[in-house]
Q: 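My questions will all concern the structure given below.
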There are 2 protein chains.
Amino acid sequence: MTPAVETILEDLERATGAEDLQCLIESLRDHFDVDHMVYHWVNSNGDQYGCGTYSDAWVARYLEKDYLRIDPVVSGCYQRFHPVDWKRLDWSSRAVRSFQLDAIHHGVGNQGFSIPIRGPNGQFAMFTVSHNTDDDSWAAFIEAYRRDLILIAYYFNQKALEFEPGRSPEPTPALSPREVDAMTLLAIGYSRGQVAQTLAISEHTLRVYIESARFKLGAHNTTHAVARAMSRGLIVV
Amino acid sequence: MTPAVETILEDLERATGAEDLQCLIESLRDHFDVDHMVYHWVNSNGDQYGCGTYSDAWVARYLEKDYLRIDPVVSGCYQRFHPVDWKRLDWSSRAVRSFQLDAIHHGVGNQGFSIPIRGPNGQFAMFTVSHNTDDDSWAAFIEAYRRDLILIAYYFNQKALEFEPGRSPEPTPALSPREVDAMTLLAIGYSRGQVAQTLAISEHTLRVYIESARFKLGAHNTTHAVARAMSRGLIVV
DNA sequence: CTTATCCTCGCTATTATTGGGGAGTTGGAA
DNA sequence: TTCCAACTCCCCAATAATAGCGAGGATAAG
């Protein structure tokens with residue numbers, strides 16, 4: 001690890017507010033000499049927060065067009081543990097391609113590298129580096145700094161979580177074992193009757209679990225409750 | 001980062017099987033000169049996998065007693081993003097204290113440092129370093145190696161995920177845009193009526209999407225379809 | 001011993017979802 | 001052009017889920 005990165009991490013640890021993060025990400029961009037560096041945070045309610053060096057116009061357009069839904073970087077990171085090089089994603093569909101053109105038109109680099117980061121309760125964020133350059137230079141850059149970037153992403157997310165207390169530590173809705181059972185079996189496709197039979201309880205009892213899980217998760221219906229339990233990592237299917 | 005750690009990470013990247021991981025974690029323990037180093041992988045179905053340097057007797061006892069349920073290291077890591085020093089956990093309850101005594105009796109160190117790691121689909125693992133020493137030495141050790149350990153934990157989990165056949169590479173049936181919309185809105189708690197209104201289509205039409213999505217996903221009902229769409233990363237919620 | 005949480009079971013009534021049909025339009029691909 | 005997949009709309013009857021009440025026993029923590 002380069003000494004400069006040590007310094008950066010120490011600056012990160014000293015950061016005391018969201019403004020510091022914005023400054024830091026800008027100096028990070030300058031330090032690595034790339035076009036853009038972005039931290040982008042999403043949660044299960046669809047809230048987003050981000051800081052970075054993309055133009056305001058692009059951020060506004062991204063939100064306006066709801067690009068989150070089709071951005072292959074997002075879905076790619078969401079499914080993987082590894083950092084992803086944008087080149088290895090699927091850009092073939094028409095909607096995605098027009099998104100890509102729009103992005104480049106707004107100054108996003110043709111190369112990119114995004115690191116998925118995950119926290120408790122299904123928290124999910126991405127740390128992205130983007131630049132305009134040829135494939136070989138980019139590969140060399142990633143090869144050289146991959147580990148630094150991973151560590152920076154990790155520390156960055158840690159700080160971002162501290163500064164956004166209203167979002168991540170939602171009233172931790174630890175489910176009881178029976179509630180977890182119920183949610184899990186529903187998530188794998190069992191009907192109420194089958195779940196009750198599997199758990200060897202009456203359907204009335206089962207309903208109490210589903211409703212209390214729904215209440216704890218702040219969900220409107222069973223499907224919502226299962227979705228939340230999944231996205232918060234309370235059940236694994 | 002020490003050069004030796006670079007070497008370790010490169011060894012990690014070259015690992016091709018679970019046995020390599022076991023060897024590596026033993027050499028890691030020797031390199032850092034600590035009593036124990038353990039990688040522990042859990043999901044809420046109760047499946048576990050681990051490798052490390054704890055005694056077989058302790059691992060067997062841990063499983064037998066179902067200590068996973070009361071281990072404050074597990075629950076502490078599960079709720080946090082930061083690595084946790086065991087000292088900062090709550091050991092006050094009766095059950096936890098007897099667990100702690102049992103652990104120390106089986107050769108687990110009095111000091112410990114555990115790093116939570118999370119992957120897609122609620123995957124959760126911990127990378128733990130444990131040692132027998134006084135508080136000051138331990139604090140100095142952690143201060144010195146925290147970043148190395150985080151990076152090692154990250155790479156270690158990456159490899160462990162590769163070797164774990166738990167993830168079935170089922171051919172993912174792409175959903176149509178409208179189907180994605182429907183699944184997404186259902187996942188965030190909308191009722192059919194609300195979804196139809198949001199998408200500005202009739203409820204009858206909506207039902208066609210839901211059913212075709214259900215068919216494509218091989219799901220038994222709507223809840224199942226949403227759960228599958230989520231776990232396959234087809235929708236981001 | 002008190003409080004709290006969990007687990008278990010019951011009723012009635014209303015609303016939402018599902019399964020079985022069928023049918024017309026569009027836009028892109030072969 | 002022809003074909004296909006996607007998008008849109010409709011009916012009817014059966015089934016599943018939800019909302020509102022209720023209650024008792026077990027287990028564990030403070």
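So that the names make sense, note that chain A is the first sequence line, chain B the second, and so on, each numbered from 1. FYI, side chains are in, hydrogens and waters are out, and symmetry mates aren't considered; it's all heavy atoms of this structure. Just so you know, these numbers come straight off a predicted model, no measurement behind them.
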Q: Can you measure A:L199 atom CG to C:dC7 atom C1' for me and round it to whole angstrom units?
A: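 About 12 Å, once rounded to whole Å.
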Q: In whole angstroms, how far is the C1' atom of D:dA5 from the CZ atom of B:F215?
A: 14 Å
Q: Check whether any side-chain N or O of B:K216 sits under 4.0 Å from OP1 or OP2 of D:dA5, and answer yes or no.
A: no
Q: Which whole-number value in Å describes the distance from B:L206 CG to D:dC7 P?
A: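 That distance rounds to 12 Å.
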Q: Considering residues at least two apart in sequence or located in another chain, which fulfil the side-chain hydrogen bond (donor to acceptor under 3.5 Å, both in side chains) criterion with B:T223?
A: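 Checked B:T223 against side-chain hydrogen bond (donor to acceptor under 3.5 Å, both in side chains); matches are A:T223.
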Q: For nucleotides 11-17 of chain C, just jot down a letter per nucleotide in 5' to 3' order: B, S or -, based on protein non-hydrogen atoms under 4.0 Å.
A: BB----S
Q: Hey, mind stepping through B:I70 and B:K65 against side chain to side chain contact (heavy atoms under 4.5 Å, CB included) and telling me if it holds?
A: CA-CA 10 Å; B:I70 59 167; B:K65 290 277 194 174; over 6 Å; no
Q: Is the distance from OP1 or OP2 of C:dC7 to the nearest side-chain N or O of A:S176 less than 4.0 Å?
A: yes
Q: Reckon B:S212 has a side-chain N or O less than 4.0 Å from the OP1 or OP2 of D:dA6?
A: no
Q: Please report the distance, rounded to the nearest Å, between CG in A:L175 and C1' in C:dC6.
A: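 That distance rounds to 13 Å.
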Q: Any non-hydrogen side-chain atom of B:Y54 less than 4.5 Å from a side-chain atom of B:Y62?
A: no
Q: How close or far is atom P of D:dC9 from atom CD of B:Q197, stated in whole angstroms?
A: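 These atoms are roughly 13 Å apart.
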Q: So B:S202, base contact, sugar-phosphate only, or nothing? Heavy-atom distance under 4.0 Å.
A: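 Counting heavy atoms under 4.0 Å across all strands, the contact made by B:S202 is with sugar-phosphate only.
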Q: Would you kindly give the NE2-to-P distance between B:H224 and D:dA16, to the nearest whole Å?
A: 17 Å
Q: Is the ring centre of A:Y67 less than 6.0 Å from the ring centre of A:W58?
A: yes
Q: What is the distance, to the nearest angstrom, from the CD1 atom on B:I210 to the P atom on D:dT8?
A: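 So the two atoms are 13 Å apart, to the nearest Å.
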Q: With B:D35, which residues qualify under salt bridge (charged side-chain N to carboxylate O under 4.0 Å, His left out), at least two apart?
A: none
Q: For residues 71-81 of chain A, which residue pairs pass the salt bridge (charged side-chain N to carboxylate O under 4.0 Å, His left out) check, not counting sequence neighbours?
A: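 Listed by first then second residue: nothing to list.
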Q: So what does A:T205 hit on the nucleic acid, given a heavy-atom distance under 4.0 Å: a base, only sugar-phosphate, or nothing?
A: base
Q: Should we count CD of B:Q22 as having more than 12 external heavy atoms under 6.0 Å?
A: yes
Q: If you measure only the distance, is there a donor-acceptor pair under 3.5 Å linking the side chains of B:D181 and B:T184?
A: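 B:T184 and B:D181 do not have a side-chain donor-acceptor pair below 3.5 Å.
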Q: Heavy atoms from C-beta onward define the side chain here; which of D:dT18, C:dT8, C:dC6 lies closest to that of A:R214?
A: D:dT18
Q: How does each nucleotide of nucleotides 25-30 of chain D score, in 5' to 3' order, for protein heavy atoms under 4.0 Å: base (B), sugar-phosphate only (S), or none (-)?
A: ------
Q: Compare the minimum distances between each of C:dC7, D:dT8, D:dT18 and the side chain of A:Y209, then state the nucleotide with the smallest one.
A: C:dC7
Q: Taking only distance into account, with no hydrogens and no angle test, what donor-acceptor pairs under 3.5 Å do side-chain atoms of residues 103-116 of chain A form with protein atoms, sequence neighbours excluded?
A:
| from | atom 1 | to | atom 2 | distance (Å) |
| --- | --- | --- | --- | --- |
| A:H106 | ND1 | A:D102 | O | 2.9 |
| A:H106 | ND1 | A:D102 | OD1 | 3.2 |
| A:N110 | OD1 | A:T133 | N | 3.1 |
| A:N110 | ND2 | A:T133 | O | 3.1 |
| A:Q111 | OE1 | A:K87 | NZ | 3.1 |
| A:Q111 | NE2 | A:T133 | O | 3.2 |
| A:Q111 | NE2 | A:D135 | OD1 | 2.6 |
| A:S114 | OG | A:W86 | NE1 | 2.9 |
| A:S114 | OG | A:T128 | OG1 | 2.7 |

Q: In whole angstrom, give the distance that lies between atom CD1 of A:I201 and atom P of C:dC7.
A: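 Whole-Å distance recorded here is 9 Å.
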Q: In Å and rounded to the nearest 0.5 Å, what is the OG to CZ distance from B:S55 to B:R61?
A: 11.0 Å
